[in-house]
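Side-chain atoms are counted along with the backbone in the values below, which use heavy atoms only and exclude waters and symmetry mates. The chains referred to below are lettered A, B, ... by the order of the sequence lines, with proteins before strands, and numbering in each begins at 1.
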Amino acid sequence: MPELPEVEVICRGLRPHLIQSTIIDVHCSDKNLRVPLPRTALRGLIGQTITKISRRAKYLLIHPADSSLLIVHLGMSGRLGLFQAHDPLQRHDHVRWLLNNGLELRPNDPRRFGSVHMLSSEQARNRKQGFFHSCGPEPLNKRTTAELLHNQAQGRKQAIKTLLMDGRFIAGIGNIYANEALFATRIHPGKPAGSLSLANWQHLLGKLQAILHNAIACGGSTINDFLGASGESGYFQVNFKVYGRAGKSCSSCGQEIQKIQTSGRTSFFCPHCQQK
DNA sequence: ATGGCCTCCTGTATGC
DNA sequence: TGCATACAGGAGGCCA
């Protein structure tokens, strides 16, 4: 399930292959993703040279020369494969962008929880008020401070884990990294978000950033479906301390890692190390 | 404004 | 062995 580090790894992996290449054909499958494929707008990419690739939250942003914006979200089972144009198609290849360098970019998403969006140059220019208007601050941005998060969480009774996974509060954090960051700071996932002190937030944001940086350096986490842009696996999952480890022993105290539901999502934590 | 729950989807894991 | 069911999860929408 691509979270921020996985999308960042894909972004970096694609750059050398896509920048300065030109899209010469586009194919869409009949099936739609979570939102309908913008088929007409995607055809408009033909002839466009890609000038830049970036990331916002868990979205990959492909910038054509005409200042429009192609946005890809991989949902939880999506890959963004780069193939030779003659490589055989795979089941669940929903879109194909053929490039003038002989490569073809193919988002593949069995569960179709992902999405593809096309913004006009005007919509792209106004994306902070438009497409990304509800998108929270980037956790790795220097302007995202513990003071800001502490302030924003004031009065919130919601579980801290649920708030960390809320993209409007902070961008790009899914179940894996929310669980890992809370374990690293010994905070119980069900602790009300508003009860964290500024010192708690400083600790939590620091650990979260360290974990995200480490995961990016490891090439992301390979959980079921995720592969990096060139098809290679990430290795961060060997560093999981709690995620997916229910019933196994805590690396810090030896107690059994427990699994609970937090707002309908699975949380993993150590009942000894992480107390409310 | 807040928070909880539902929906989309299908491959994989589990249970009988 | 084979079938049926449960489960995983990001984001947006709905409702209390």
Side-chain angles (χ1 to χ4, degrees), chain A residues 1-8 10 29-38 55-61 71-81 90-95 107-117 119 127 130-139 149 151-182 189-196 212 215 220-227 234 236-237 240 242-248 257-268:
Chain A
M1 47 216 79
E3 298 184 26
L4 185 156
E6 288 75 30
V7 180
E8 183 63 33
I10 292 170
S29 80
D30 295 336
K31 293 202 171 178
N32 284 324
L33 302 181
R34 193 166 51 78
V35 299
L37 286 172
R55 178 193 59 75
R56 175 76 171 101
K58 297 170 192 163
Y59 293 92
L60 186 78
L61 280 60
I71 302 176
V72 180
H73 192 289
L74 294 173
M76 66 164 289
S77 59
R79 303 176 186 181
L80 200 50
Q90 292 175 30
R91 190 166 150 78
H92 309 303
D93 280 344
H94 299 299
V95 189
N108 181 291
D109 186 357
R111 284 172 233 185
R112 291 194 265 141
F113 267 32
S115 55
V116 173
H117 309 263
L119 303 190
R127 62 183 179 268
F131 189 85
F132 289 113
H133 75 97
S134 64
C135 195
E138 286 288 327
L149 299 180
N151 194 34
Q152 292 292 110
Q154 284 304 303
R156 302 292 293 261
K157 293 173 182 157
Q158 202 173 29
I160 179 60
K161 161 120 182 321
T162 306
L163 195 60
L164 284 181
M165 289 178 64
D166 186 339
R168 294 165 299 186
F169 179 77
I170 188 165
I173 310 303
N175 208 15
I176 294 172
Y177 298 102
N179 276 303
E180 293 298 319
L182 289 172
K191 188 175 169 72
S195 71
L196 270 69
L212 293 174
S221 303
T222 310
I223 293 294
N224 303 326
D225 308 293
F226 172 73
L227 293 175
F236 185 72
Q237 71 277 10
F240 288 172
V242 286
Y243 184 82
R245 296 193 70 249
K248 299 186 177 162
I257 302 297
Q258 290 195 0
K259 177 172 152 177
I260 56 169
Q261 293 292 111
T262 310
S263 300
R265 294 290 182 232
T266 309
S267 299
F268 299 92

Using a cut-off of less than 4.0 Å, is there contact between a side-chain N or O of [X] and OP1 or OP2 of [N]?
| X | N | value |
| --- | --- | --- |
| A/Arg156 | B/dA1 | no |
| A/His73 | C/dA11 | yes |
| A/Lys58 | C/dG9 | no |
| A/Thr266 | C/dG9 | yes |
| A/Ser115 | C/dG10 | no |
| A/His92 | B/dG11 | yes |
| A/Tyr243 | C/dA8 | no |
| A/Lys157 | B/dA1 | no |

To the nearest Å, give me how far apart [atom1] ([X]) and [atom2] ([N]) are.
| X | N | atom1 | atom2 | result |
| --- | --- | --- | --- | --- |
| A/Leu74 | C/dG9 | CG | P | 17 Å |
| A/Lys161 | B/dG4 | NZ | P | 12 Å |
| A/Arg168 | B/dA1 | CZ | P | 12 Å |
| A/Ile173 | C/dG10 | CD1 | C1' | 13 Å |
| A/His94 | B/dC9 | NE2 | C1' | 9 Å |
| A/Met165 | C/dG9 | CE | C1' | 7 Å |
| A/Leu163 | B/dA1 | CG | P | 16 Å |
| A/Gln154 | B/dG3 | CD | C1' | 18 Å |

> Would you say the side chain of A/Arg111 and the base of C/dA8 hold a donor-acceptor pair, judged only by whether the two atoms sit under 3.5 Å apart?
Replying inline: yes

>> Is it the case that B/dG4 (base atoms only) and A/Arg265 (side chain only) share a donor and an acceptor within less than 3.5 Å, ignoring hydrogens and angles?
In response: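 Flag unset: no donor-acceptor pair detected.
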
Identify whether any heavy atom of [X] sits under 4.0 Å from a base atom; if not, whether one sits that close to sugar-phosphate; answer base, sugar-phosphate or nothing.
| X | value |
| --- | --- |
| A/Lys259 | sugar-phosphate |
| A/Arg91 | sugar-phosphate |
| A/Tyr59 | sugar-phosphate |
| A/Arg112 | sugar-phosphate |
| A/Gly174 | sugar-phosphate |

> What's the verdict on side-chain hydrogen bond (donor to acceptor under 3.5 Å, both in side chains) for A/Lys161 and A/Thr262, showing C-alpha distance, side-chain angles and the deciding distance?
Replying inline: CA-CA 7 Å; A/Lys161 161 120 182 321; A/Thr262 310; 4.8 Å; no

> 5'-most contact on DNA chain B: A/Ser263 or A/Phe113, nearest heavy atom basis?
Replying inline: A/Ser263

Is a side-chain donor or acceptor of [X] paired with a backbone partner of [Y] at a separation under 3.5 angstrom?
| X | Y | value |
| --- | --- | --- |
| A/Gln90 | A/Asn108 | no |
| A/Glu138 | A/Ala57 | yes |
| A/Asn179 | A/Tyr243 | no |
| A/Asp109 | A/His92 | no |

> For the residue pair A/Tyr59 and A/Phe132, is the inter-centroid distance of their aromatic rings smaller than 6.0 Å?
Replying inline: yes

